[in-house]
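Notes to accompany the following structure.
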Amino acid sequence: MDNKQPLILAFDTSCDDTSVAVLKGRRVLSSIVSSQVDIHAEWGGVVPDIARREHEKNIPMVYDEALKKAKVSIEDIDYIVATYGPGLAIDLEIGLNFAKELAIKYSKPFIPVNHMEGHLLSGLLENSKGTAFTEDVEKAKADKGLEELFPAIALLISGKHTELIYVKKVGDYVKLGQTLDDAVGEAFDKVGRILNFGYPGGPTLTEFAKKGKSGVIEFPIPMKNSNDLNFSYSGLKTAALYKTKELREEGRKDKEWVYDFCRGFMDAILESLVIKLESAIQEYGDVKSIFVGGGVFNSEEILREIGRVVRSYGLNYIYPAKEYRGDNAAMVGLVGYYKAQSGDYIEEKAEIEKVDRVPRLTF
Ligand code: ZN
């Protein structure tokens, strides 16, 4: 292992997962995620207060486990990193404060990180042996280096975010478009609720879509002709609500139409994403790669379909390994690594104390 690479300890408690990771450079030595999904399922969604209590309870254990699995001690760590936004305020501060206290106690440089930058760069994470997840990253490394992958466009889709970002290089971002209301993940969960799938609804919806036929039940393509790079999914959600009402009022049982319904819904989501991604690629002709990230890419179909479009333009396709698509601290540590490389860290105790969470943080 390259001993010059810094050891990084990273925290993320932006939503309902308590995550801690240890990295050596871009290599993940450990990544522990304590999921609360079963607890929140009872309530049909994330309850910030309950999430906070769980974070408080879990974080010391998750922290111990991350160090232990990485076979390092806190004294070995070079930088401590934590998400300071965006996310749920009362949850963000649990991980952030825990990390700040450690940094002060052990006199370590501290790095606050934007969670969405983590999703953006998650495709550049490497396993503990130093192998990247995508061939395109390995090829760039063997060739002229990762700088070769830029400029790039990033498509980030998660429970709370749907964004297109122009990436000149790591750390240099311009937001091109975002959702004006609901995010893709949110639309999946809300429609999942209408269909009585429970929480989270997305995974069931994408599974059911595989069994349905395209074109049987159709939905409007959101923002198809909006002539910008923004997204919107609340209209689609409303259309889905009316459609289910109509079908149920006709006396048709859910099981008769639910697969085709999910197929039609998935097709509308996919087409809206493809339209915007293609517009962005055409508008920014200098890009060499498309980076993707966020929990919605747990749908292999979405990952594959976006990949098909990316390849058709002859671009590199950079996506994270499955375990780094949802929220995790490894991706946050990776951002910390890049910031450390460019000298962007805080050493003064008083300055570390001043770092506050920014729930609405953006690019
Ligand atoms: Zn996230």
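We count ligands from 1, going down the list as the structure has it; atoms in each ligand are counted the same way. Side chains included, hydrogens not; waters and symmetry mates left out as well; all remaining heavy atoms used. On a predicted model such as this, the values are computed, not experimentally measured, just so you know.
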Q: Any chance you could measure Glu353, atom CD, to Asn97, atom CG, to the nearest 0.5 Å?
A: 10.5 Å
(Q) Give me the atom names and distance for the closest heavy-atom approach of Arg248 to Leu195. (A) NH2-CA, 4.0 Å
Q | For the Zn ion (ligand 1), every protein N/O/S atom that sits closer than 2.8 Å, waters excluded | A | His115 NE2, His119 NE2, Asp327 OD1
Q. Do the side-chain N and O atoms of Asp136 and Thr134 include a donor-acceptor pair separated by under 3.5 angstrom?
A. no
(Q) Working to the nearest 0.5 angstrom, can you tell me the gap between Ile104 CD1 and Ile352 CD1? (A) 5.5 Å
Q) Mind checking whether Phe197 and Phe208 have parallel, tilted or perpendicular rings, split at 30° and 60°? A) perpendicular
(Q) For Phe98 and Phe11, I'd like to know if the aromatic rings sit close, meaning centre-to-centre distance below 6.0 Å. (A) yes
